[in-house]
Protein chains: 2
Amino acid sequence: MGASDSGTHENHHPYAPQSVKLPGFVPGFLSQSTILGVYGISSLLVVFITWLISGRSPKKSKLDRWLMCWWAFTGLTHLILEGYFAFSPEFYKDKSACYLAEVWKEYSKGDSRYAFRDAGVVAVEGLTAVIEGPACLLAVYAIAKGKSYSYVLQLAISLGQLYGTAVYFITAYLEGDHFAATPLYYYAYYIAANASWVVIPTLISIRSWKRICAAVQAQGQKKNKTR
Amino acid sequence: MGASDSGTHENHHPYAPQSVKLPGFVPGFLSQSTILGVYGISSLLVVFITWLISGRSPKKSKLDRWLMCWWAFTGLTHLILEGYFAFSPEFYKDKSACYLAEVWKEYSKGDSRYAFRDAGVVAVEGLTAVIEGPACLLAVYAIAKGKSYSYVLQLAISLGQLYGTAVYFITAYLEGDHFAATPLYYYAYYIAANASWVVIPTLISIRSWKRICAAVQAQGQKKNKTR
């Protein structure tokens, strides 16, 4: 995937549709395997460290420990990767082989709206980075300390992630769904890489919802008894 | 505001920016006061009927009754007005003086992205109409029957409304914020008409969040006591 052209031709970019110009584009320097490898290894490291730390508290169930790992991983992804994108409108011009710019140059092959700065994508990524990112890290803390707002916080973030992903997919559909360079990038980046943020938030939302309802119901019964 | 031109000129529309073409546009038939009057009176009627019906249940607090009125009003607005918009891509060509088409021809003076079919606006309005609309009516029922999911449902819908409104305003800002025909339309339609969907969902979110935390905390204390 690596390229060394300095990108002097205005229309010389690997994104679809080719008819859209991207003046000043500088091709990526890192290979696909380097980009994915760094993200994969960093993520595994975050999960491993969170798992170890969460194990110090003897009361935590395995599920709660896995949830802490998820919130740490997704929170750091939101803050660092998506935070960089949201506030770097010119990442595609980067010449320094900055890893974060390289990530988005690569991901744009699956969804060129990142390189072309689609307002819907930037709005969703901005909200995700600024609001959901810190909220995810708060969720790690809330589960660790058994805070009473733990379930409602997890539900709120998960619903936000689902809403954002829905806007993300629906706007692409409405705009013609022609933003992937090849079908492989479409399925690997656009579909598969986003699937976790549909499946996991759905499962967490259902679990949190049920726990909250059970707590409210228990409180209601208690109130009726004391009457 | 009424106009009778049949709109044969492709670029003859009252929306900003004028440079964007809107082929087949047919000017509105109803006056601004008729459009706003019908919406205002219908809304008051919905609130009045919900208030009367909610009063039959002696246990309901005044706040719960007001919340039922809000959910009935906002739910019907989502379902009928926004549902019509989401699934009527050619409303601006309507020649039948259909009230719902007239509403959006008029509102587009405050935000032309409705007439021009901006993907972000359509995505948010579609989610609002299809998911939040029915959920709001379920909230009326949930409060009326004192269901255990009442608070969590109200929180989920309110956060969805806040997320949608945030995407709505942020995308407009990113795209240049030049979609209002005049400053009056900007402040009256774009800002003031949407303000309720920032203020009220924020207040409901805070209230629901606190109630849920209190219930979870009470359950936690109960569990500790029984140990």
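The sequence lines fix the lettering, A, B, ..., with proteins before strands; numbering per chain opens at 1. On a predicted model such as this, the values are computed, not experimentally measured, just so you know.
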Handout entry: Heavy-atom side-chain contact between L153(A) and W209(B) under 4.5 Å
Key = yes
Exercise for the section: Give the minimum heavy-atom separation between A215(A) and Q219(B), together with the two atoms involved. Expected result: CB-OE1, 3.4 Å
Practice task
Can you establish whether the number of heavy atoms outside W66(A) located under 6.0 Å from its atom CH2 is more than 12?
Solution key: no
Exercise for the section: Just give me the residue among G160(A), A218(A), A166(A), S150(A) that pairs up with chain B most often, heavy atom to heavy atom, under 4.5 Å. Expected result: G160(A)
Problem - Contact check, side chains of I170(B) and L127(A), non-hydrogen atoms, under 4.5 Å - result: yes
Handout entry: Separation of L159(A) CG from L159(B) CG (nearest 0.5 Å)
Key = 7.0 Å
Problem - Largest heavy-atom contact set with chain B, pairs under 4.5 Å, which of S148(A), G120(A), G126(A) - result: S148(A)
Practice task
Of all the heavy-atom pairs spanning T171(A) and A123(B), show the shortest one and how long it is.
Solution key: CG2-CB, 3.7 Å
Practice task
Could you tell me the separation between the CZ atom of R117(A) and the CD atom of E175(B), rounded to the nearest 0.5 Å?
Solution key: 12.5 Å
Problem - Heavy-atom check, side chain of Y163(B) versus side chain of V124(A), under 4.5 Å - result: yes
Practice task
Taking all heavy atoms of V152(A) and all of C213(B), pick out the closest pair and write down the distance.
Solution key: CG1-SG, 4.0 Å
